Chemist: 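The structure follows.
Please read these numbers as outputs of a predicted model, since none were measured by experiment.
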Amino acid sequence: QVQLVESGGGLVQAGGSLRLSCAASGSIFSINTMAWYRQAPGKERELVAAITSGGNTNYAGSVKGRFTISRDNAKNTAYLQMNSLKPEDTAVYSCNAHIKVTAAHFAMQYWGKGTLVTVSS
């Protein structure tokens, strides 16, 4: 059983910073892309940032220059450093990962339950 558990959300004032963590656990052979998505109230879920196993990154235009995604492959953990936060960054942030449980399996997509980030003005 594979689990993704996010942590680090909370309430922060505009201009502040937060660091989210996403730890994958269970029967894991390898992890391909890890990503952070967010969903604000009344809006669709959107991709925030993604990172491949080799360290290549991709960001939504709205967070580029303010957010940094990273990962520690030895710990099966991804991070999202969020700086210069704005009220419009308020959302539930969810971790996503493509994980192979054995060498013979195709990678499957897993989701965490999400962590709430609230940015006050």
Side-chain angles (χ1 to χ4, degrees):
Q1 190 82 5
V2 174
Q3 282 189 317
L4 298 180
V5 178
E6 302 99 334
S7 61
L11 174 64
V12 64
Q13 287 189 332
S17 298
L18 282 175
R19 189 193 194 207
L20 305 183
S21 298
C22 168
S25 62
S27 178
I28 296 171
F29 174 76
S30 65
I31 303 177
N32 298 338
T33 299
M34 300 185 78
W36 288 95
Y37 286 75
R38 68 184 181 187
Q39 186 166 21
K43 295 188 176 182
E44 292 189 356
R45 184 169 60 193
E46 64 173 348
L47 174 67
V48 176
I51 185 167
T52 67
S53 57
N56 293 315
T57 58
N58 182 46
Y59 295 93
S62 59
V63 307
K64 198 171 292 186
R66 300 188 297 123
F67 292 9
T68 302
I69 189 170
S70 61
R71 63 190 283 175
D72 184 333
N73 290 330
K75 296 181 178 179
N76 290 335
T77 300
Y79 306 95
L80 186 67
Q81 177 67 44
M82 304 185 295
N83 298 328
S84 302
L85 282 161
K86 305 175 180 180
E88 52 263 44
D89 294 318
T90 295
V92 173
Y93 286 70
S94 299
C95 180
N96 170 279
H98 289 77
I99 296 173
K100 295 181 69 172
V101 296
T102 72
H105 282 74
F106 292 107
M108 292 182 62
Q109 189 171 205
Y110 293 86
W111 289 92
K113 293 183 178 180
T115 184
L116 178 62
V117 171
T118 304
V119 185
S120 63
S121 57

Chemist: Quick one: do L47 and N58 satisfy side chain to side chain contact (heavy atoms under 4.5 Å, CB included)? Show the steps, please.
Modeler: CA-CA 9 Å; L47 174 67; N58 182 46; 4.0 Å; yes
Chemist: Going by the ring pair (Phe, Tyr, Trp, His ring centres under 6.0 Å) test, which pairs reach into residues 38-96, not counting sequence neighbours?
Modeler: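 Every pair satisfying ring pair (Phe, Tyr, Trp, His ring centres under 6.0 Å) with a residue in residues 38-96: there are none.
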Chemist: Provide the full list of salt bridge (Lys or Arg N to Asp or Glu O under 4.0 Å) pairs with a residue in residues 33-54, sequence neighbours left out, each pair given once.
Modeler: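 Output for this query lists R38-E46, R38-D89.
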Chemist: Mind checking whether V117 and T90 have side chains closer than 4.5 Å, heavy atoms only?
Modeler: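 The answer is no; the side chains never approach within 4.5 Å.
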Chemist: Just so I know, are the side chains of H98 and M34 near enough to count as touching, which here means a heavy-atom distance under 4.5 Å?
Modeler: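 A side-chain contact under 4.5 Å is absent here.
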Chemist: Verify side-chain hydrogen bond (donor to acceptor under 3.5 Å, both in side chains) between D72 and T77, making sure each step is shown before the conclusion.
Modeler: CA-CA 5 Å; D72 184 333; T77 300; over 6 Å; no
Chemist: So, S53 and N32: side-chain donor and acceptor under 3.5 Å apart, yes or no?
Modeler: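 No - no donor-acceptor pair under 3.5 Å links their side chains.
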Chemist: When rounded to the nearest 0.5 angstrom, what is the spacing between CH2 in W36 and SG in C95?
Modeler: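 Taking CH2 in W36 and SG in C95, the distance rounds to 5.0 Å.
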Chemist: Mind checking what makes ring-ring contact (aromatic ring centres under 6.0 Å, His included) contact with Y37, not counting sequence neighbours?
Modeler: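 With neighbours one apart ignored, the set is W111.
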Chemist: Search all heavy atoms of A50 against all heavy atoms of A35 and return the closest pair with its distance.
Modeler: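 That would be CB-CB, 3.8 Å.
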Chemist: Going by heavy atoms in the side chains, are S21 and E6 under 4.5 Å from each other?
Modeler: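 The answer is no, as the side chains (C-beta and beyond) never meet within the 4.5 Å cut-off.
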Chemist: Find out whether I31 and N73 are in side-chain contact, i.e. whether some heavy atom of one side chain is under 4.5 Å from a heavy atom of the other.
Modeler: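 Side chain of I31 against side chain of N73, heavy atoms only: no contact under 4.5 Å found.
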Chemist: How far apart are the closest heavy atoms of S17 and N83, and which atoms are they?
Modeler: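 In this case the closest contact between S17 and N83 is OG-OD1, 2.9 Å.
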Chemist: Strictly by salt bridge (Lys or Arg N to Asp or Glu O under 4.0 Å), give each pair with a member in residues 100-121 just once, sequence neighbours left out.
Modeler: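 Passing the test, one end in residues 100-121: no pairs.
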Chemist: Apply the hydrophobic cluster definition, ILVMFWY joined by side-chain contacts under 4.5 Å directly or through others, and give me every member besides L116.
Modeler: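 Under the 4.5 Å side-chain rule, L116 groups with V92.
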Chemist: Could you check whether any side-chain heavy atom of Y110 comes within less than 4.5 Å of a side-chain heavy atom of M108, counting everything from C-beta outward?
Modeler: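 Y110 vs M108: side chains touch.
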Chemist: With the side chain counted from C-beta on, respond yes when L18 and V119 share a heavy-atom pair under 4.5 Å apart, and no when they do not.
Modeler: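 SC-SC contact between L18 and V119 ruled out.
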Chemist: Please give the remaining members of the hydrophobic cluster of F29, linking ILVMFWY side chains under 4.5 Å, ordered by chain and number.
Modeler: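 Direct or chained contacts put F29 with none.
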Chemist: Of T57, I51, T33, which is the lone residue that meets side-chain contact (heavy atoms from CB on, under 4.5 Å) with R71?
Modeler: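 Filter result, single survivor: I51.
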